Undergrad: 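Here's a structure for you.
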Amino acid sequence: MKLLKIKQSIQRKIVFIAIFFSLVSFQLSADNIQMKKNINDITKIYMSSMTYIFKSQSIINQKNVDKSSLFGDAFIENIKQTYSVKYNEDFPKADHLAKKMLLQVMVEVMDDNKELIHDNEIGFKGVIPATYASQLSAKLATKGIGLTIKFTRTEKGIRNILNKPDAWESAVMEKMKTTPDIYYDENALLNGKAAIRQFTPLPMAPLCLGCHGVPGQNPLNVGKDKSQWTTIDITGFEMENWTIDDFGGGVSISIEKSVLQ
Ligand code: HEC
């Protein structure tokens with residue numbers, strides 16, 4: 001009799017422990033889904049802002065035109081529209097600190113460039129997706145919220161040393177040479193802290209080669225004799241002789257887990 005009772009009690013404990021662990025793992029996978037959604041939203045918001053900067057090149061560089069679409073709420077509104085067109089879905093809610101901070105920093109970066117963008121003496125302002133990206137990365141780093149965004153490429157021939165990949169990014173890019181797909185890692189480290197990281201490759205396009213390709217593709221050399229060609233692109237960097245088959249690099253986003261919880 002006594003033995004039966006002990007047996008029943010052990011069984012109850014086992015059932016209890018099993019339920020407890022399945023609930024914990026259910027909670028963990030729900031957290032993972034939420035983390036994945038957050039980092040995905042952040043990547044897409046960021047990519048939309050890069051696309052919008054690209055589309056706005058003529059407004060940025062023209063003289064005496066209304067440039068209010070590039071600043072403040074109007075800028076965010078345009079990024080939201082770009083997002084809806086690009087991904088065919090509604091813009092995500094800014095329901096997380098990291099998303100809110102990203103939107104704020106995007107506006108701050110444009111405000112920092114306000115004087116330059118309105119300068120009627122300078123023709124080409126150099127406010128292109130890549131420079132906007134590196135300014136955004138630098139500003140985000142000062143906010144100390146554990147969100148890191150980087151526009152990067154394989155270390156050899158990197159333009160801006162600040163965009164240099166870390167070991168995780170280098171390893172991921174190595175994989176991407178054969179499978180260029182979004183890479184997600186929910187158990188990564190960033191500066192020694194647990195983080196989720198996502199790398200989104202950027203497809204190479206003919207327009208990239210106007211700056212990163214060979215001098216013959218540089219718009220500054222059009223109609224000039226070969227002896228007059230420059231190897232410096234319109235942004236002042238030495239061209240790297242990339243080809244359309246080269247790896248275009250990509251966007252690397254990391255969020256410390258402590259921030260997401
Ligand atoms: C108008 C010239 C121009 C065009 C066009 C251009 N880039 Fe760049 N790119 C730059 C400049 C300038 C930087 C350095 C920005 C910085 O960090 O200050 C850069 C940086 C980068 C980086 C970051 C790594 C590094 O070397 O610093 C990647 C990756 C990159 N470009 C890929 C591309 C791809 C892919 C395209 C086409 C979709 C493209 N670029 C089009 C000028 C250009």
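If you're wondering where the values come from, they're calculated on a predicted model, not measured in any experiment. Only heavy atoms go into these numbers, but all of them, side chains included; no hydrogens, no water, no symmetry mates. Ligands are counted one by one from 1 in listed order, and the atoms in each one are counted from 1 as well. In what follows, residues are counted from 1 in the order of the sequence shown.
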Undergrad: Which protein non-hydrogen atom lies closest to atom 27 (O) of ligand 1, naming both residue and atom, and how far is it?
TA: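 I find the closest protein heavy atom is N163 ND2, 2.7 Å.
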
Undergrad: Exactly one of D166, D185, N187 should register a side-chain hydrogen bond (donor to acceptor under 3.5 Å, both in side chains) with R197. Which one does?
TA: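 For R197, the side-chain hydrogen bond (donor to acceptor under 3.5 Å, both in side chains) check succeeds only for D166.
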
Undergrad: Check this for me: does any side-chain nitrogen of one of D90 and K80 sit under 4.0 Å from a carboxylate oxygen of the other?
TA: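 No, this pair does not count.
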
Undergrad: Should the proximity of T152 to ligand 1, defined as any heavy atom under 4.0 Å, be assigned to the side chain, the backbone, both, or neither?
TA: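 Just the backbone.
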
Undergrad: Number the atoms of ligand 1 from 1 as they appear, then name those within less than 4.0 Å of a heavy atom of L202, with their elements.
TA: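 Reading through ligand 1 atom by atom, the close ones are 35 (C).
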
Undergrad: For the residue pair D245 and T243, confirm or rule out a side-chain donor-acceptor distance under 3.5 Å.
TA: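 No.
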
Undergrad: Anything protein N/O/S under 2.8 Å from atom 8 (Fe) of ligand 1? Just list residue and atom, please.
TA: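 Listed by chain and number: H212 NE2.
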
Undergrad: Which residues pass the salt bridge (charged side-chain N to carboxylate O under 4.0 Å, His left out) test with K55, not counting sequence neighbours?
TA: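 Salt bridge (charged side-chain N to carboxylate O under 4.0 Å, His left out) check on K55 returns nothing, list empty.
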
Undergrad: If we only count heavy atoms from C-beta on, is the I117 to E115 side-chain gap below 4.5 Å?
TA: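 No, too far: nothing below the 4.5 Å cut-off.
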
Undergrad: So, does Y132 sit close enough to ligand 1 that a heavy atom of it is under 4.0 Å from the ligand?
TA: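 No, Y132 has no heavy atoms under 4.0 Å from ligand 1.
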
Undergrad: Is it the case that K114 places NZ or CZ above or below the six-membered ring of F71, under 6.0 angstrom from the centre and within 45 degrees of the axis?
TA: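 Cation-pi check for K114 and F71: passes.
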
Undergrad: Classify the ring geometry between F75 and Y132 as parallel (under 30°), tilted (30 to 60°) or perpendicular (over 60°).
TA: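 Ring orientation, 0 to 90° scale: perpendicular.
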
Undergrad: Check this for me, if you would: do E108 and K143 make a salt bridge, where the nitrogen-to-carboxylate-oxygen distance has to be below 4.0 angstrom?
TA: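 Result for this pair is yes, salt bridge flagged.
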
Undergrad: So which protein heavy atom does atom 21 (C) of ligand 1 come closest to, and at what separation?
TA: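 Answer for atom 21 (C) of ligand 1: F151 CE2, 3.7 Å.
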
Undergrad: Would you check whether N160 has a nitrogen or oxygen atom less than 3.5 angstrom from a nitrogen or oxygen atom of ligand 1?
TA: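 It does: an N or O of N160 is found under 3.5 Å from an N or O of ligand 1.
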
Undergrad: Do any N/O atoms on R153 end up under 3.5 angstrom from N/O atoms on ligand 1?
TA: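 R153 vs ligand 1: no N/O contact under 3.5 Å.
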
Undergrad: In terms of residue, atom name and distance, what is the protein heavy atom nearest to atom 35 (C) of ligand 1?
TA: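 The closest heavy atom on the protein side is G248 O, 3.4 Å.
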
Undergrad: Just to verify, what does Y83 make a ring-ring contact (aromatic ring centres under 6.0 Å, His included) with, not counting sequence neighbours?
TA: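 Scan of Y83 (ring-ring contact (aromatic ring centres under 6.0 Å, His included), adjacent residues dropped) gives Y87, F91.
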
Undergrad: At under 4.0 Å between heavy atoms, which part of W242 makes contact with ligand 1: side chain, backbone, both or neither?
TA: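 It is the side chain that touches ligand 1; the backbone stays farther off.
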
Undergrad: Are L103 and K99 packed together at the side-chain level, in the sense that at least one heavy-atom pair is separated by less than 4.5 angstrom?
TA: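 Answer no - side chains too far apart.
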
Undergrad: Quick test: of every protein heavy atom, which one is nearest to atom 12 (C) of ligand 1, and how far off is it to 0.1 Å?
TA: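 Of every protein heavy atom, T235 OG1, 3.3 Å lies nearest to atom 12 (C) of ligand 1.
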
Undergrad: Whether E186 and K36 form a salt bridge (side-chain N of Lys/Arg under 4.0 Å from carboxylate O of Asp/Glu) is what I want to check.
TA: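 Result for this pair is no, no salt bridge flagged.
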
Undergrad: Which ligand 1 atoms are under 4.0 Å away from a heavy-atom of F237?
TA: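 The atoms of ligand 1 under 4.0 Å from a heavy atom of F237 are 12 (C).
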
Undergrad: Mark up the atoms of ligand 1 that fall under 4.0 Å of a heavy atom belonging to L207, in ascending order.
TA: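 Answer, ordered by atom number: 5 (C).
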
Undergrad: List the residues meeting side-chain contact (heavy atoms from CB on, under 4.5 Å) with L189, not counting sequence neighbours, and say none if there are none.
TA: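 Checked L189 against side-chain contact (heavy atoms from CB on, under 4.5 Å); zero matches.
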
